[in-house]
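One structure below.
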Amino acid sequence: MAFEGIGAAVKRREDGRFLAGRGHYVDDMNRPGQVYAYIRRSDRPHARIRNIDTSAAAAAPGVIAVYTGADMAADGIGGLPCGWQIHSKDGSPMAEPPHPVLAIDKVRHVGDPIAVVIAETRMAAKDAAELLVIDFEDLPGVADIRAAIAAGAPLVHDEVAGNICYDWHIGDRDAVEAAFARAKHVVKLDLTNNRLIPNAMEPRAALGECDIAGHYTLSTTSQNPHVIRLLMGAFVLHIPEHKLRVIAPDVGGGFGSKIYHYAEEAIVTWSAGKLKRPVKWTAERSESFMSDAHGRDHVSHAEMALDEDGHFLALRVSTLANMGAYLSTFAPSVPTYLYATLLAGVYKTPAIYAEVKAVFTNTVPVDAYRGAGRPEAAFLLERLVDTIANDTGIDRIALRRANFIPADAYPYQTPVALQYDSGNHEMTLAEALKAADYAGFPARRAEAARRGKLRGIGISTYLEACGIAPSHVAGALGARAGLYEVANIRVHPTGSVTVFTGSHSHGQGHETTMAQLVADQLGVALDQVEIVHGDTGEIPFGMGTYGSRSLAVGGSAMVKAMDKIIAKGKRIAAHLMEAAVEDIEFKDGAFRVAGTDKSKALAEISLAAYVPHNYPIEELEPGLEETAFYDPKNFTYPGGCHVCEVEIDPETGVTKVVNFAAVDDVGRVINPMIVEGQVQGGVAQGIGQALLESAAYDANGQLLSGSFMDYTMPRADNLPNITVGTEITLCTHNPLGSKGCGEVGAIGSPPAVINAVVDALKEYGVRHIDMPATAERIWSIIAANRPKMAAE
Amino acid sequence: MYDFAYQKPASVADAVKLLAGDPEAKAVAGGQTFLPVLKQRLNKPSLVVDLAGLGLSGIKQSANALSIGAMTTHATVARSAEVKKAIPGLAQLASWIGDNQVRHRGTIGGSLANNDPSACYPAAVLALGATIKTNKRAIKADDFFQGMFTTALEPDEIITEVEFPLPVEKSAYEKFRQPASRYAMVGVFVAKGPAGVRVAVTGAGQNGVFRVADMEAALAKSFAPDAIAAIKVSPEGLNSDIHGSAAYRAHLITVMAKRAVAAAG
Ligand SMILES: Cc1cc2nc3c(=O)[nH]c(=O)nc-3n(C[C@H](O)[C@H](O)[C@H](O)COP(=O)(O)OP(=O)(O)OC[C@H]3O[C@@H](n4cnc5c(N)ncnc54)[C@H](O)[C@@H]3O)c2cc1C
């Protein structure tokens with residue numbers, strides 16, 4: 001048998017069913033008596049609803065019910081809750097305006113749900129929705145963050161003055177001011193982090209059911225079914241948890257956008273209860289564009305104080321972050337604890353101060369999207385570092401090396417709350433430069449110039465934080481949820497194993513990676529292990545998958561549960577082999593009496609546990625099944641170096657990424673092939689953000705990029721061959737040593753790409769270019785600077 | 001999509017009769033434009049008349065013309081040895097439309113009847129001075145395109161074939177793709193043939209495809225990229241959107257025209 005344990009590039013077990021079209025997604029589920037919900041959404045950014053006349057829609061053929069916000073309110077249905085509370089500088093809690101499931105009195109963004117029509121067929125529901133007569137009074141809207149905080153801007157929520165959700169800060173302002181006062185150089189940079197639309201391949205869908213006894217089931221495209229059960233059951237619909245089951249079956253990609261509790265989940269569950277018929281809703285792609293939480297959307301100003309040798313003395317940052325029209329589930333945490341706490345990056349900057357204003361606008365809510373806050377921090381820092389190199393003339397690599405946190409300084413306390421446990425930035429930098437043949441770049445640039453092309457190379461040396469934890473710290477910072485993970489390991493009588501995890505796989509390959517981990521540790525064959533996820537009816541309360549936490553937190557919970565299995569197994573083995581428990585060793589799937597050839601396989605032990613004829617029944621319960629809840633002691637801190645090489649056609653401004661090398665420190669690797677795929681996917685999204693993607697709104701809040709005709713997703717031909725390497729240091733505080741690899745690609749790559757573009761354009765006097773660096777944007781810069789160059 | 005009736009007639013005459021008999025009837029060819037429009041509920045036909053049974057597909061070459069049936073798919077044009085030999089720019093253009101699936105469904109007749117301002121075929125048809133043949137008449141390319149999504153076709157008129165005069169001495173198409181849709185943001189077809197030297201631009205103009213007289217004059221004197229390198233097109237009347245300003249499109253017209261001339265050899 002080929003090696004299948006930790007470190008083996010085992011092919012993904014789930015891919016068989018996906019490739020054969022046998023995945024089982026929410027929209028594949030159909031129930032007897034099922035009816036369909038269609039949601040009428042706002043096509044305007046901001047308007048008062050004077051009246052909704054539902055009579056014609058309700059009378060249309062096939063229609064079973066039409067509900068509005070007023071109907072939900074009459075049933076005592078609450079608004080959608082926010083899972084994280086931030087306090088402003090002055091100690092006041094953030095503004096938390098109501099987020100009705102269906103709009104009440106006002107719509108606040110294009111896509112805001114207004115009414116639901118439920119009918120025998122999807123088409124009948126859609127036809128009838130057109131018959132709803134809604135009397136709108138249009139209001140001026142605002143989409144841009146800066147415009148939203150300007151005096152006299154339209155108010156998204158009448159009760160939220162200045163559209164400010166919170167005005168928060170972190171760091172030692174006085175120390176920073178003092179450092180700036182004695183600085184030799186100060187380098188400043190203004191930058192925008194563009195708004196993105198996640199576009200998971202599978203649109204969101206939800207199927208609500210309620211049986212005659214009042215037991216509800218919601219099947220939904222979720223990354224965290226227990227969180228949805230808690231939020232929806234306890235805060236929105238008031239269904240006790242023992243009567244609510246949430247299932248997230250195969251889910252076709254999430255990237256964060258399927259973490260949140262969405263209106264449609266509450267709508268189908270509530271209406272299934274009212275109608276006592278299963279109610280299904282499936283998003284059309286255009287609905288995804290206007291109702292899935294968007295990502296990023298920051299405007300920032302950054303300043304670094306330096307001494308005469310280019311050492312960073314202090315960093316000052318102020319950021320405006322777009323929240324959209326309502327607070328999505330974890331939105332407030334993204335530009336604060338997942339962003340500003342990362343502003344030390346890989347550098348030993350002794351003093352940092354950041355202030356963040358979160359702002360409401362007439363746009364789709366913004367929340368965590370692959371990377372969540374860390375890409376914004378990495379982009380700011382790595383652009384700033386390159387700008388410092390540009391302005392001071394110090395080589396960008398020498399500058400980074402001079403400011404790196406040295407490997408021997410770990411554990412390292414940053415001035416912005418986090419304590420990094422491990423890392424080696426010199427190691428990943430050196431490997432990445434080698435992988436990208438950095439030394440050979442001048443020759444490649446000269447060769448490109450002979451072809452009339454502008455070639456540039458850019459690097460980013462980044463660090464991020466995964467597996468947000470521990471629960472009590474997150475709670476002190478405003479989280480309204482725990483951040484542990486659960487694993488239940490059931491060794492069956494004949495020795496095969498089912499693992500129930502609170503993590504959820506929606507493309508990550510958990511069914512393979514986690515099975516490898518368990519098979520390796522219990523010493524059983526891979527095909528003896530099955531991973532079960534995504535059903536609150538089967539799994540203890542878990543927290544789901546986001547922030548690259550599944551292996552570091554969920555896998556650690558498995559290790560803890562296996563420890564308990566092994567401990568119990570030793571006691572059973574001791575009894576069976578008439579030895580002392582202390583003399584039993586567990587290795588390669590067998591319990592041995594140390595120093596003898598006596599041994600029992602795991603399957604023998606499990607059989608004894610379930611058929612306890614010869615069993616220490618006085619001191620030990622039968623069965624071999626254990627649960628562990630693992631609450632990490634700290635975040636994990638993956639990092640690394642990305643090197644990007646681009647070629648620009650100066651006539652058109654088109655950028656081609658010609659080479660990309662990523663060397664990441666993701667901690668212990670279970671399956672290198674899956675890690676490579678995760679990094680490549682992340683890099684593809686990062687290149688998309690850097691060069692192509694942008695959620696465009698007009699000033700009023702009309703969505704201009706509402707389909708793939710106008711929203712530029714990266715395609716295969718936009719991407720180079722992406723070389724992925726790993727150079728690891730182990731996480732020191734979890735039992736696996738793993739850190740996480742799901743987001744590093746999307747975090748490290750955007751600054752590497754833009755640094756390469758700026759490098760390619762350096763002859764044109766370009767100091768910075770915002771994302772996406774589209775062909776037109778680059779051409780405009782070239783066109784504007786060409787006369788200047790000619791004059792020189 | 002709203003409900004509609006569907007008919008697949010077996011002759012052009014029957015198809016015309018169905019279309020003429022119902023003002024809300026619409027023809028469908030490859031459906032690559034029409035079906036998305038229906039799915040978005042932007043059109044509510046009572047009857048959809050499928051043109052697939054009319055025998056309008058195929059490529060014929062005579063001494064002085066290449067005729068392409070209206071229902072011929074982009075994929076067929078792209079890989080046709082006759083087209084590649086007689087008008088290589090046309091085969092190239094067809095090979096760059098959409099993706100493989102689109103090219104195996106979409107048709108030349110559908111593309112021309114639709115006259116999307118960012119469609120590719122109009123540039124070739126205008127630059128090559130082709131004639132659009134219908135069930136009732138022959139329309140010169142110069143008279144056919146009448147602005148964005150507007151043509152000389154009457155509601156019950158069906159394109160049957162497109163006739164390209166031969167011999168074509170030079171032909172090439174260069175396409176600057178709108179990054180998201182990959183339609184032409186600026187597409188330039190240059191040709192030298194029976195209709196003279198022509199430069200036709202698609203994607204850029206608010207009113208659809210147009211010719212660039214200055215470039216045509218310059219190329220008639222010297223068919224070389226340098227001859228047009230300094231000719232600037234005015235941004236006036238050009239499209240401006242989130243993907244490119246009118247000024248950028250104007251600039252790209254010259255760049256794409258130069259490249260097309262170079263490619264035409
Ligand atoms: C993803 C995608 C990418 C695309 N990219 C490009 C591109 O890069 N460049 C490009 O040029 N096009 C592109 N297209 C459009 C494609 O070329 C279409 O095939 C074409 O525009 C319409 O052809 P059709 O045969 O599909 O016509 P249909 O969609 O069936 O019909 C279009 C219209 O023409 C009418 N019609 C069709 N045939 C006739 C006829 N013989 N006589 C009279 N009226 C008729 C129909 O009634 C309808 O109104 C793309 C389409 C898609 C879906």
Side-chain angles (χ1 to χ4, degrees), chain A residues 38 61-62 121-124 126-130 194 197 199 284-287 289 452 649-656 687-688 691-698 702-718 772-784 786, chain B residues 1-4 32-33 36-42 44 96 98-100 102 116-119 174-188 203-204 225 228-230 232 235 238-260 262:
Chain A
Y38 183 81
T121 68
R122 202 168 276 179
M123 281 306 123
K126 197 169 175 177
D127 287 346
E130 290 182 5
N194 45 326
I197 301 179
N199 286 316
E284 299 185 355
R285 180 58 69 181
S286 41
E287 285 185 280
F289 275 89
D649 174 352
E651 268 194 322
T652 60
V654 171
T655 300
K656 194 169 168 50
I687 290 175
L691 297 178
L692 305 166
E693 295 182 51
S694 172
Y697 278 98
D698 75 5
Q702 193 53 246
L703 180 60
L704 302 176
S705 57
S707 80
F708 290 129
M709 293 297 278
D710 285 304
Y711 186 85
T712 313
M713 287 296 279
R715 301 193 194 185
D717 65 355
N718 294 122
T774 60
E776 180 180 31
R777 204 172 261 180
I778 291 174
W779 169 77
S780 308
I781 290 173
I782 292 174
R786 197 170 260 144
Chain B
M1 212 178 272
Y2 297 104
D3 280 352
F4 51 80
Q32 296 305 291
T33 296
V37 165
L38 292 186
K39 283 188 174 178
Q40 291 175 74
R41 302 194 152 201
L42 298 173
K44 196 175 180 175
W96 286 341
D99 49 50
N100 215 19
V102 168
D116 187 313
S118 50
E174 281 293 333
K175 178 179 182 183
F176 189 91
R177 291 160 179 81
Q178 195 260 50
S181 73
R182 305 263 177 120
Y183 273 71
M185 192 160 111
V186 171
V188 179
I228 53 171
K232 289 203 185 337
L238 299 189
N239 283 320
S240 192
D241 57 27
I242 58 172
H243 304 290
S245 62
Y248 183 45
R249 281 181 162 88
H251 165 78
L252 288 174
I253 292 173
T254 305
V255 176
M256 292 297 118
K258 264 184 353 190
R259 292 183 182 180

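To find a chain, count down the sequence lines: A is the first, B the second, and so on, and within it residues start at 1.
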Is A:Asp717 paired with B:Arg177 through a side-chain N to carboxylate O contact shorter than 4.0 Å? no

Among A:Asp127, A:Leu704, A:Thr774, which residue has the highest count of heavy-atom pairs closer than 4.5 Å to chain B? A:Asp127

Rounded to the nearest 0.5 Å, how far apart are CE of B:Met185 and CD of A:Glu776? 6.5 Å

Examine whether an atom of B:Met1 lies under 4.5 Å from a heavy atom of chain A, and if so say whether it belongs to the side chain, the backbone or both; otherwise answer neither. backbone

Using a 4.5 angstrom heavy-atom cutoff, name the option from B:Lys258, B:His243, B:Arg41 with the most pairs to chain A. B:Arg41

What part of A:Glu284 gets closer than 4.5 Å to chain B, counting heavy atoms only: side chain, backbone, both or neither? neither

Any residue meeting side-chain contact (heavy atoms from CB on, under 4.5 Å) with A:Met713, in chain and number order, not counting sequence neighbours: A:Asn199, A:Glu693, A:Phe708, A:Tyr711

If I take atom NZ from residue A:Lys126 and atom OH from residue B:Tyr2, how far apart are they, to the nearest 0.5 angstrom? 8.0 Å

B:Arg259 bridged to A:Glu651 by N-O distance under 4.0 Å: yes

Part of B:Ser245 lying under 4.5 Å from any heavy atom of chain A: both

Please find the pair of heavy atoms, one from A:Asp710 and one from B:Ala180, that lie closest to each other, and give the distance. C-CB, 3.6 Å

Quick one: what part of B:Gln178 sits under 4.5 Å from any heavy atom of chain A, side chain, backbone, both or neither? side chain

For A:Thr121, check side-chain contact (heavy atoms from CB on, under 4.5 Å) against everything at least two apart and list the hits. A:Met123, A:Ala124

Give the member of A:Ser780, A:Gly653, A:Ala775 that has the highest number of heavy-atom pairs under 4.5 Å with chain B. A:Ala775

